[in-house]
Every structure is written in C-alpha cells, then in structure tokens.
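Worth knowing before you read on, the calculation uses all heavy atoms, side chains too, and leaves out hydrogens, waters and symmetry mates. Order of appearance sets the numbers: ligands from 1, and atoms from 1 within every ligand. We number each residue from 1, following the sequence as shown.
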Amino acid sequence: MRILVQKFGGTSVADLECMKKVLVRVKRGLDEGYKMIVVLSAMSGETNRLLGLAKTWSNHPDPAELDLIVSTGEQVSVGLFTMLLKDAGISARSLLGIQIPVTTNSIFTKARIDHIDDEKIKSLLERYDVLVMAGFQGVTCDGRITTLGRGGSDTSGVALAAAVNAELCEIYTDVEGVFTTDPNMCSTARKLDKITYDEMLEFASMGAKVLQIRSVEFAKKYNVPVLVRSTFSDAPGTLVIQEDQQMEDVLVSGIAYDKDQCRITIWGVTDKPGIAASIFSPIAEKRILVDMIVQNTSRDGHTDMTFTVPRADLEQTMEIIESIDTEIDPTSVQHDLHVAKVSVIGVGMRNHSGVASKMFDVLRKENINIKLISTSEIKITCLIDEKYTELAVRALHDAFGLDKKVQSVCEEQ
Ligand code: ADP
Ligand code: ASP
Ligand code: MG
C-alpha cells in the first residue's frame, strides 16, 4: 500500500473556498494511486479564539480543560472536510486523536506523542481511500485529551507519516516553502529548494513557525521526507531531508527570528556547586524550554544567571523561581518582555569561521545592541531589543547575500 500524508494548516482550511483547494490536492494524491491520510489544523484564528474564550472564564485555565477546549477546533475542520469528500463520492472517514489513538504523555498543552496505533490506521486504509485526521490532539493512556503545543498539527502529520511508513509527508501552508527568512517580513526572502533536517531544526527552534520543532525531530529520527508547499499555488516547495555534500557548501541558509521570548535575570545567587541545577531542573520538569543561558563570573561568592524562556511560560517560571527562593537566595529577579532572538543559520558554518563577527558587525552598523549571544555548530543567535527585529533580519539577510542563489562549490565545478 502506497501512503501519502498531507497536512493542511489553519489558513488552508479557513473557509469553504480554501477547503475546495484542499479537495483538489487530495484528489490528485488519489489519482496518483495513493491511499491518503489528511491531517487538518483548526480553521484560521480558531485556536486563538478558543484560548481567548477560556481566558475570559479563568485567569489560570486548568491545562487539562484547556486542551479539551482547544482540541475542538480541529474536530470541526475534520468533520467539515470529510463531508466535502463524501459529497464528492470519495470513500473517507474522519478520526480524532482519541479514536486513532495518538497516545501522548500527560503534559497538557505541550504533550509529546508516545505511540500511534499504525495497525489500526492501516486496516482502516483497506476500507477507506482517505482518512481525515485531527492534528494537534492526542490522548493520555488514561483517556484524557491532550494537545501538542502551538503548531502541533505539523507534528501530528509527520508522526503519522513515520508510523505508517508513508512515502512522503506534504505540509501545505500559506507560503511556497521554507524561505531564507520569513517572506512576510522580508520581501527579498528566497525560497529554498531543499534544507537539511538539522538546519530546519535550528530554524524551527529559533522561531520560524513554518514547521513545529517536534515535527522536524520526528522527521529526522524516522527519516521521513517532508515537503513544505503552498495550498494556493503549484510551486514545487521545499524538501526537508538528510544533509548531502552540496548542502554543506552553503555557508548561511537563512535568518530566523523569535519575538515570543523573554529574558529573566536572577541577581546575586550564591555561587556554589549545584546552583544551576537548583534553578533549571524544576523549570525543565515543567517542560519549559530554556534557551540562552549566561552565568556571570563570580563576585564575593555570588553570581548572576540570565536566560530566556518563551513568553507564555514567564508566569510559571517566575513562580518556580519564587518557590526555590530560600535555596538560591537571590538579591533580586528581573524580567524583560521586549526582547527578540535573531539567528543566522547554516550547515556550512561548521567548517568556516567569520560568520559570528560578520553578524556582530552588521548589528553594530545598524546601532543595535546585543543583550545575549549563544551559538551552536550551525547557528549564531543574538538577543536584541524587540523593536529592532525587522531591521536586524533585513540587514542580516542583505549582508549575507541571501536574496541571491548561492552557487555551491559542486555546482560551480
Ligand atoms: P500553518 O497555519 O499553515 O501551519 P504557520 O502560520 O504555522 O502556517 O506557518 C507559516 C508561516 O511561517 C508563514 O506564513 C510565515 O510567515 C512564517 N515563517 C517564518 N519563517 C519562515 C521561513 N523561513 N520560511 C517560510 N515561512 C516562514
Ligand atoms: N491549531 C493549532 C494551533 O493553532 C495547531 C496547528 O495549527 O498546528 O497552534
Ligand atoms: Mg503551523
């Protein structure tokens, strides 16, 4: 059985007209002889609406109930689209996360997939040509509804593709693929034909929401080829795959930014072995992603700890710091919401120097102050004032010549 997975994001299922375009894509897959798994997001704006609704009822919505509420967005999409398929005479069935089931852990609002019943899906595919599955949602082993974090339908799509050994997982969205930077921010952004899993991981973790990071982790782990493309055009899209020689020759693939971060500084904690563990272990236990961490040099047996967390997790992080107050004994704790991360990403950086200094130079010329720096083998990130994000992204995109197709060494020979 040849299986194709197609995932459609919120803008692709926003209304009837959009869903008709989705129908065309699904029919094409059927004409090519595939059994189809179609994974849908909630209709555009619906998840935000449901989150807002919950917050008008409660200042601290219970996470388990929040998941129950927001998961309904996807339920509506799959019901509506399956009706369209049936009206078109296509044999189709709708499935929620709980019906598949997609089993997850019980970290509500950011659950992780533990298992997908692939045998059940395959046997359903013997009976139906198209299975329309709700993205973003799962169920704990004791039957509670969970969701996979914002953008989690991407992860549903790739995880389902991995589970049933699909030939390809197509991610349909409102842009034509993965670009050198957000095309909605920089008009000279260029679509990439292909990108490595590692680069895409950096793009996703540094804020390029075109793919959720967990989806890329799944794709890399199970070697699922992922094609990011537009629901609204026939452009060929971007293939996310293993690295090849040609890709290594490209120094910088793109610029990512993330305005959803905040910076926390804990001043004057006692500088003793285990202090970092005392702070970051309870934060990690709550599955809060700490990204940039800087510890100052010690003065009089005390030090300062600065780090970034997603803005949505600020309140919970501050509560955790409060709860360990006697243990770490800080002089004060401060946070800054008006920060953004800007990152330069490329596998070619592994073997080349000078990218960091060029990045710092570009920011200096624009008079943008750097608040924190972090690096990996294939990425350099600077934390800056949020109001300079667009300026920084455009200046870096320009300075690294990303609007022009870089000829790799192999192509030139
Ligand atoms: P969907 O609802 O289809 O899941 P998302 O809004 O989650 O779509 O992701 C698509 C958006 O990601 C684009 O509209 C674009 O603004 C943004 N984006 C950020 N960085 C990039 C990038 N490097 N390439 C493509 N899109 C990007
Ligand atoms: N509907 C969810 C969200 O808006 C999941 C998704 O679209 O991928 O985050
Ligand atoms: Mg998305």
Does Gln212 reach ligand 2, in the sense of a heavy atom lying below 4.0 Å from it?
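No; Gln212 lies far enough from ligand 2 that no heavy-atom distance drops under 4.0 Å.
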Touching ligand 2 at all, Gly152? Heavy atoms, strictly under 4.0 Å?
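The answer is yes, since Gly152 has a heavy atom less than 4.0 Å from ligand 2.
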Within 45° cone and under 6.0 Å: Lys341 NZ/CZ vs Tyr257 ring
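Here Lys341 fails the 6.0 Å and 45° test against Tyr257.
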Looking only at protein heavy atoms, which one is nearest to [atom], and what is the separation?
| atom | result |
| --- | --- |
| atom 2 (O) of ligand 1 | Gly10 N, 3.2 Å |
| atom 8 (O) of ligand 1 | Thr173 OG1, 3.1 Å |
| atom 6 (C) of ligand 2 | Ser153 OG, 3.4 Å |
| atom 3 (C) of ligand 2 | Arg150 NE, 3.4 Å |

Are there over 12 heavy-atom neighbours, none belonging to Lys259, within less than 6.0 Å of that residue's NZ?
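Enclosed.
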Counting only heavy atoms closer than 4.0 Å, does ligand 1 sit against the backbone of [X], its side chain, both, or neither?
| X | answer |
| --- | --- |
| Val175 | side chain |
| Thr181 | backbone |
| Asn184 | side chain |

With heavy-atom distances below 4.0 Å as the criterion, list the atoms of ligand 2 near Ser41.
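Ligand 2 atoms under the 4.0 Å threshold to Ser41: 6 (C), 7 (O), 8 (O).
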Where ligand 2 meets Gly151 - atom numbers and elements under 4.0 angstrom, heavy-atom basis:
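What qualifies from ligand 2 is 3 (C), 5 (C), 6 (C), 8 (O), 9 (O).
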What residues form a ring pair (Phe, Tyr, Trp, His ring centres under 6.0 Å) with Phe203, not counting sequence neighbours?
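By the ring pair (Phe, Tyr, Trp, His ring centres under 6.0 Å) rule, Phe203 matches no residue at all.
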Lys7 N/O to ligand 2 N/O under 3.5 Å:
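No; every N/O pair is 3.5 Å or more apart.
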Looking only at heavy atoms, what is the nearest atom pair of Gln212 and Arg150, with distance?
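Heavy atoms only, the tightest pair is NE2-O, 3.1 Å.
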Is the closest heavy-atom distance from Met200 to ligand 1 below 4.0 Å?
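No, Met200 has no heavy atom closer than 4.0 Å to ligand 1.
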